[in-house]
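Everything on this sheet refers to the single structure shown next.
Remember, it's 1-based here, ligands and their atoms both numbered in the order they're listed. Just so we're clear, the structure is a prediction, and the values are computed from it rather than from any experiment.
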Amino acid sequence: QAKGQGRGTCCYFNADMQNEAEDRLRLEQDLRQALTLRQFRLDYQPLINALDQSLMGFEALVRWHHPTRGMVPPNEFIQVAEETGLIMQLGDWVIEEACRAAATWPDNISVALNLSARQLIMPALPNTVHESLARFKLKPNRLELEVTESVFLGDSQGSLDVLKRLRAIGVGIALDDFGTGYSSLGYLNKAVFHKLKIDGSFVREAANNRETVAIIQSIVQLAKSFRMTVTAEGVETADDFTRMRDLGCHQIQGYLFGRPMSFERASDLVHGIQTRLSA
Ligand code: C2E
Ligand code: MG
Ligand code: MG
Ligand code: MG
């Protein structure tokens, strides 16, 4: 009886599953067209100096503006883009677009962008980055590439080689979302990361959890001993801000200082047109 049920649940293709499969197929098709239809945009979120609250740069975050789906956040399509391989073209577009934006801003403003693990196994990636920098005459030190620990799950030697070649170009490499997932301190020792970004969930947890505060404290100390700078993400309240600053974080990112915004609004911020940072 139980065996029969098991077989039934595993072998029959029910209506729900069919709908799911159709939804997924439609998403893939829409996503494939999105690049040619120019439906992707980058929003920019301010990165703030913890010491004087000045603007240091922006993180570029991709958005998909679909005519009927509306604004689709990256968490709802990046994984599909990775699975279908579309992330390669999308990723190249992000690199070019972020460099184009940064080149219009002053020298003291940097831009960070996110790379998927799948992009890191492409030996051509450093070349792509180099070409975008050259095309927009952007100094390498104005570009920062964010990767998560997931890059070490697959071909970790290959990814590490690509990261080292990127580092050799002179761009910054940040370890993103630290404190979630695998978070092995061993990754800090790879000699490729110049920055560590403490994940927002972790930053906010510190408000109610003394153990989390202690862990963040030791992460910051360790990062400093490797000469890495530390960014606290997801800073939403003034308390989050003072806590992370006092724990030694160099840079702050979060809704307290600004949500991800259009290139135009980011440029206004850079040029001091909008004097107040918080929305
Ligand atoms: P991430 O790189 O960790 O980016 C930070 C995310 O936290 C962004 O979500 C940002 O909007 C959000 N955030 C910033 N401040 C706060 C805050 O104070 N509170 C809260 N609750 N959230 C905050 P977003 O834009 O939805 O991006 C989600 C993730 O999608 C990113 O996480 C990144 O992993 C990925 N992603 C975004 N753009 C790209 C891209 O161009 N390429 C790739 N491969 N991944 C991307
Ligand atoms: Mg990031
Ligand atoms: Mg992050
Ligand atoms: Mg994240």
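If you look at E233 next to ligand 1, the close heavy atoms, those under 4.0 Å, all belong to the side chain. Residue contacts with ligand 1 for Q45 involve side-chain atoms from C-beta outward but no N, CA, C or O (heavy atoms, distance under 4.0 Å). Here K197 has no heavy atoms under 4.0 Å from ligand 1, in either its backbone or its side chain.
The residue from V235, T148, L61 that puts a heavy atom closest to atom 31 (C) of ligand 1 is L61.
Using a non-hydrogen distance threshold of 4.0 Å, E59 registers as a contact of ligand 1. Ligand 1 is never approached by G200 to a heavy-atom distance shorter than 4.0 Å. At least one heavy atom of D177 sits less than 4.0 Å from an atom of ligand 1.
For ligand 1, the atoms sitting less than 4.0 Å from at least one non-hydrogen atom of V94 are 41 (O), numbered in the order shown with element in parentheses. Less than 4.0 angstrom separates some heavy atom of P74 from each of these atoms of ligand 1: 24 (P), 25 (O), 26 (O), 27 (O), 28 (C), 30 (O), 36 (N), 37 (C). Taking every heavy atom of D176 and a limit of under 4.0 angstrom, the matching atoms of ligand 1 come to 1 (P), 2 (O), 3 (O). Near R204, meaning under 4.0 Å from one of its heavy atoms, ligand 1 places the atoms 19 (N), 20 (C), 21 (N).
In the model, Q39 has no side-chain atom that pairs as donor or acceptor with a side-chain atom of D30 under 3.5 Å. Q79 and E83 are linked by a side-chain donor-acceptor pair at a separation below 3.5 angstrom, with hydrogens and angles left out of the test. No side-chain donor from either of Q53 and N49 sits under 3.5 Å from a side-chain acceptor of the other. In the model, T68 has a side-chain atom that pairs as donor or acceptor with a side-chain atom of H66 under 3.5 Å. K195 and Q251 are linked by a side-chain donor-acceptor pair at a separation below 3.5 angstrom, with hydrogens and angles left out of the test. A donor and an acceptor atom, one from each side chain of S116 and E82, are located under 3.5 Å apart. Remark: the T180 side chain and the D177 side chain contain no N/O donor-acceptor pair separated by less than 3.5 Å.
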Between V203 and M244, is a side chain to side chain contact (heavy atoms under 4.5 Å, CB included) present by the stated rule, with each step listed? CA-CA 8 Å; V203 168; M244 298 313 291; 3.8 Å; yes

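Under the 4.5 Å side-chain criterion, counting only non-hydrogen atoms from C-beta, L153 is not in contact with V151.
For the Mg ion (ligand 3), the nearest N, O or S atom contributed by E233 is named OE2. No other N/O/S atom of E59 lies as close to the Mg ion (ligand 2) as OE2 does. Nearest to the Mg ion (ligand 3), among the N, O or S atoms that D176 has, is OD1. Looking at D177 and the Mg ion (ligand 3) together, the shortest N, O or S contact belongs to OD1.
For ligand 1, the polar-atom distance check against E236 finds a nitrogen or oxygen pair separated by under 3.5 Å. Between P260 and ligand 1, a contact under 3.5 Å exists for no N or O pair. Residue N114 has at least one nitrogen or oxygen atom sitting less than 3.5 Å from a nitrogen or oxygen atom of ligand 1, judged on distance alone.
Between F202 and F178, the distance from one ring center to the other does not fall under 6.0 angstrom.
Summarising the local packing, NZ of K139 is surrounded by 12 or fewer heavy atoms from other residues, nucleotides or ligands at distances under 6.0 Å.
Among the backbone and side-chain atoms of E146, none of the N, O or S atoms lies under 2.8 Å from the Mg ion (ligand 3).
Between the side chain of R32 and the main chain of T84, no donor-acceptor pair closer than 3.5 Å is present.
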